[in-house]
Amino acid sequence: MATLTPKTPEYTKPSPIAGLNDALKRQILSLQSYSYLVGDALAKMFSAPRYPEDVLEQMDAIGVGSLPIILLTGFFIGGVMVLNTAAQFQRFGETALTGDTVAIALVRELGPTIAGLLVTGRNGSGIASELGSMVVTEQVDAMRALGTDPVRKLVVPRLIATVLTLPLLTAVADLVGLIGGYIVAHFTLGLSAVEFWNRAIQALAFGDLVMGLAKPVVFAIIIATVACFYGLRTRGGTQGVGRATTTAVVVASVAILVSDFFLGKLLLYWFVS
Amino acid sequence: MAAKPTIDNTPGEPLIRFEDVSIGFDEGEVLRGISFEVVPGETKVILGESGSGKTVLLKVAAGLLRPQSGRVVVMGHDLTEMKEVDLLDFRRRIGFVFQEGALFDSLNVADNVSFRLREESVAIEETEPRVREALRFVEMEDAYDKFPDELSGGMRRRVSIARALIDQPPIVYYDSPTGGLDPVTSQTIITLILRLRDLNGVTSLLATHRLQDAFGLANFAFDSKSDRVVPIWEDGKGRQFSPTNFLVLRDAQVYFQGETQELLKSADPYLREFLS
Ligand SMILES: Nc1ncnc2c1ncn2[C@@H]1O[C@H](COP(=O)(O)OP(=O)(O)OP(=O)(O)O)[C@@H](O)[C@H]1O
Ligand SMILES: [Mg+2]
């Protein structure tokens, strides 16, 4: 009796393991090309040709452009902090400590993160979508065809501009945050200017200032390079530009918060303890 | 910084040579085993349907994309072995007209055209007349300080040609220079390309899916004496070779390669359909 064995065509079901493997491989590959871009951009920061006009233009877009929202959010963050903590301090009769709390929290933590996240949303997205549209309209290829290195002409000026302006924006956020805190403290707790500012300034140690300035430098490098990276690898038309922008903002924001934790740990260990 | 590459091309040698070039992306192979040569003064017309890999081929020829295998030799330089830094220098010697023009939309027309000169730090006094001359050549002088989004598609294409020409490169790649343009504007562009070929002796690769353009290039020449386009049989009898050759891409491979007459006489059904 002849057994009928149906000849099944060679059909390989896409196994979940293989899919995971592929996804993992892609992640590692993009991490690799990201690191390559960062290294390349950092190296090219220190050699000619440079584009100072582009740096200034970007500083204007990032610094001056972000100033209003930094002023506004900084002020209200400081205010709301006092609002929330005032009751507690009142309960323990230590209202004078308000200045300390606001100063330390703002300088160490809130100022850098708020400024970083705002600049990510405002300029990180702008950079990613601008470079993304340049890629899909072949302007980046045209630049390379004209003999200009897009990393030098596009990435490096944005990196320098962000690294120079984010610490300044952070300082502004810290300052207006303290002012906001003071105003609220004055009206809810009846603190005098001398009481508040004395405590606030004395609370800050050298380590806090280092932390408050080191963080925005690192955040700036993250924002500029992540935005440029996703912008430059945009694929697939206008839709791709939208996707690149969203990914850049999400990745940069998460990277800022994660690195904030580790930087905080490291800097606290070095300077404060 | 690497020295500026020169045309160290031995006379009689092809200016552009593809040897068994293959390139693919995640979605599959785009070019497979492509070989051809372009001699100085020749215009190679790359024909193929949309998505057949014409743009990819031109980008490989400019070193903008690296093939997975094979060799690309242009002006005596093996592009596949060059580093990106050297390729940047090398590309200053060629002109590239992109499919949609690819003008920098944050710069005005003059800054677009003078981009390469400014990169080379040419003095302003020298830049301006050269930009005006290039714009006059493409009959776009009026657009000097306009921005790309104020121009029509055909005007953008012409500015893009001016930008590619500013340094008078011996080789120009045209990517679908008439794509999406009306017949009259297309004819203007083709006339420009003819002038460059016949007055400046530019060697070129030209991708298109419009046969009218291809035959316009094959059958006409630009006569400098009368300053107009003339049919080639009145003028081109003494040529050693036909300046226009064809290469048809299909399914990632070279489907046909040869002169105009061969293409026209071919009995191949695919070519016949393409020609009709
Ligand atoms: N950078 C890239 N990444 C992935 N795939 C690409 C890339 N560039 C081109 N391709 C693919 O290569 C194929 C050929 O594209 P190409 O742009 O060369 O076609 P074309 O002949 O120029 O078409 P058209 O006449 O429409 O311009 C397409 O399938 C395209 O999706
Ligand atoms: Mg194309």
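Convention: sequence-line order gives letters A, B, ...; per-chain numbering from 1. Since the model is a prediction, treat every value here as computed from it, not as a measurement.
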Residue of the set B/Leu64, B/Leu103, B/Thr55 for which side chain to side chain contact (heavy atoms under 4.5 Å, CB included) holds with A/Glu138: B/Thr55

Neighbour count above 12 (heavy atom, 6.0 Å) for A/Tyr36 OH: no

Max heavy-atom pair count under 4.5 Å with chain A, selected residue of B/Ser106, B/Ala102, B/Ala62, B/Ser160: B/Ala102

Region of A/Thr148 in contact with chain B, defined by heavy-atom distances below 4.5 Å: both

Side chain B/Arg116, main chain A/Gly147, donor-acceptor under 3.5 Å: no

A/Asp149 CG to B/Leu87 CG distance, which is reported to the nearest 0.5 Å: 11.5 Å

Nearest-0.5 Å distance, CG of residue B/Leu88 to CZ of residue A/Arg152: 9.0 Å

Over 12 non-hydrogen atoms of neighbours within 6.0 angstrom of CD in B/Gln168: no

Between B/Phe104, B/Phe96, B/Phe115, the one whose heavy-atom pairs under 4.5 Å with chain A are most numerous: B/Phe104

Best-contacting candidate, A/Lys153, A/Glu130, A/Met143, against chain B by heavy atom pairs under 4.5 angstrom: A/Met143

Main-chain N/O of A/Thr137 paired to B/Glu100 side chain as donor or acceptor, under 3.5 Å: no

Contact class of B/Gln99 relative to chain A, heavy atoms under 4.5 angstrom: both

Heavy-atom neighbours of A/Gln239 CD exceed 12 at 6.0 Å: no

Verdict with supporting geometry, B/Arg163 and A/Leu146, side-chain contact (heavy atoms from CB on, under 4.5 Å): CA-CA 9 Å; B/Arg163 180 175 71 180; A/Leu146 290 162; 3.8 Å; yes

